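Just the heavy atoms: all of them, side chains too, but no hydrogens, waters or symmetry mates, feed the values below. Note that the structure is predicted; figures quoted are calculated from it, not measured. Counting starts at 1 for both ligands and their atoms, in listed order.
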Amino acid sequence: MCGIVAYIGEKDAYPILINGLKRLEYRGYDSSGVAILNGDMNVYKKKGKVQDLIDHVGKQRVKGNIGIGHTRWATHGKPNDINAHPHVSGNKRLSLIHNGIIENYITLKEALIKLGHTFESETDTEVLTHLIEEIQNRDNLSLEEAVRIALTKVVGAYAIVVMDAENPDILVAARKASPLVIGIGKKEFFVASDATPIIEHTKKVVYLNDEEIAVVHRDGNLSIKNIDNKLLTPFVEELNLKIDAIEKGEYDSFMLKEIFEQPSSILDCMRGRINAEEGWIKVGGVETRLEDFLNARRIIIAACGTSWIAGLIGEYLFEELARISVEVEYASELRYRNPIINEKDIVIALSQSGETADTLAALGLAKEKHATLYGIVNVVGSSIARMTDTGSYIHAGPEIGVASTKAFTGQITLLTMMAIYLGYEKGRIPRPYYTQLLRELENIPNKVSKILEKDSHIKYIAGEMKDATNALYLGRGYNFPIALEGALKLKEISYIHAEGYPAAEMKHGPIALIDENMPVVVIATNMSAHDKIVSNIQEVKARKGRVIAIINEGDNKIKDIADYVIEIPETDEPLTPLLSVIPLQLLSYHIAVMRGCDVDQPRNLAKSVTVE
Ligand code: G6P
């Protein structure tokens, strides 16, 4: 949520910042801006996408080798040119970019107004800029010290970079609860919300921790202090990220690329963790805490959005295969109620980005209650990965499309492996079934590829659905969460209102909505409830609903009654979600494209929600 990029070195800052902003645009895209120092502080800001900023700057020659840039997802103040970052201090000396929320900004603003400050924007960020200015001027402090003292007065979350026109040889960066990475080049530094704007310049990075303040100097010097003014030693890490992983390549959108990457991303998630031939499966993070898992009173899964839906599948898997009791919680709810959590509980935070503010806060609460903290994340080095006691990466590679696809299947793959591993260790899965599950799991990438080959058929069905204003998704058992995910994908990117429901619950409400205009997508691959699903489809047809059914290959019974079918290969029921979600991703994708929507950057959404 909001992307930050900054540069200091010998090169022209503007193209580096603009390229960085394009890479970060998935984090927010309602307005953007840059400030470049070249004697004067030159600030360019524009409502809209980064391209609108580029058009606004036009042919002006923006010179200078120090600068900061920002792409915004509005929290305080609507998206417009004035509220866009960077924000500038009253004396025009400082400019600042910010990701996060300054919660006590009203109190700070009132105090600053009394001191004679005036404000142009409605943002909390401008208040922070003036606060730093006030402290710097009042005591004639260095920028670093003024920033440090200002941050002791701030309540909330921030990742900031500050630039000072009277000290053009440094940038000051700081973070609390919002991510920030420093890239170290030869006599140049990059600062960004994540590594994607940095990777094309250098692989050497330092991830800032909470309440740390860094000063990068043009001469190549980097120093880090904490907010208590204690000097720290920077921990330099090597990035393991390839540039083509963050480019669209031959695809029209990141989302389509990421959907089609799933055979390999699922394989990458399983790599080194499973060998059906030798008959073993293990998940490192679980192995190191095996006793905790085997003795756990229960597992609580905390997550948001699509990750929460993956958590629901985790509940079905852990309870069926490992017989461990599971609760799945919206992280935003868990953090603000008074849940019963103790040291016998394992709290799993499920998050693609590893930065979601509510999930991080829920983990904080679980930590206070002495639970074991387990992180399942995609982004290496992210806050959740660093905060948890143990955990596993899903290794899906960078996911840039705002709607999650390959991270979702990566999360389910990992949860499936954990459940099988624990179930077998607990003696809950007989050896023949265990071997069968391992074989089937290894086969999943091939089966996903087979589904992807049906893309043009799915596109045809999308054409039949594209004008709907509402849609209903129904599923039972493992396919109920998939119904939720199918509906979420459709509303996120095509803006068609959609609801996911347990198929049998349809009779308790949604059935009232069904008529000839209502497409009903039924995920009908579970053989254990086949007859019941057939009855549900009959009920929809009896009310003239249009049924699009996801079925196992050769399921003629449903083929005869549904209006459209998408056939997918059969698999063991606990593995079904890994296959049944794929056609729904493609269906939403094609519908959104046909409706002219921007699938990678749907309106009002952001990839990484770093504010609560
Ligand atoms: C946002 C994204 C979703 C994602 C959710 C949780 O809403 O648009 O795609 O599922 O955040 O994000 P996380 O990074 O914690 O999985």
query: For the residue pair F480 and Y316, is the inter-centroid distance of their aromatic rings smaller than 6.0 Å?
result: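 Distance test on ring centres: not under 6.0 Å, no.
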message: Going by side-chain hydrogen bond (donor to acceptor under 3.5 Å, both in side chains), name the residues that satisfy it together with S383, two or more places apart in sequence or in a different chain.
response: R175, E355
query: How far apart are the closest heavy atoms of E505 and Y501, and which atoms are they?
result: CB-CD2, 3.6 Å
message: Just to verify, what does Y330 make a ring pair (Phe, Tyr, Trp, His ring centres under 6.0 Å) with, not counting sequence neighbours?
response: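 With sequence neighbours excluded, Y330 shows a ring pair (Phe, Tyr, Trp, His ring centres under 6.0 Å) to W308, given in chain and number order.
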task: For A74, check side chain to side chain contact (heavy atoms under 4.5 Å, CB included) against everything at least two apart and list the hits.
output: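 A74: side chain to side chain contact (heavy atoms under 4.5 Å, CB included) contacts with D30, R72, P79.
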- request: Might you list the protein residues in contact with ligand 1, defined as having a heavy atom under 4.0 Å from one of its atoms, sorted by chain and number?
  value: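 Within 4.0 Å of ligand 1, the protein residues are C304, G305, T306, S307, S351, Q352, S353, T356, V402, S404, A606, K607, V609.
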Geometric class of the F190/H201 ring pair [parallel <30°, tilted 30-60°, perpendicular >60°]: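 Judged by the thresholds at 30° and 60°, the geometry between H201 and F190 is parallel.
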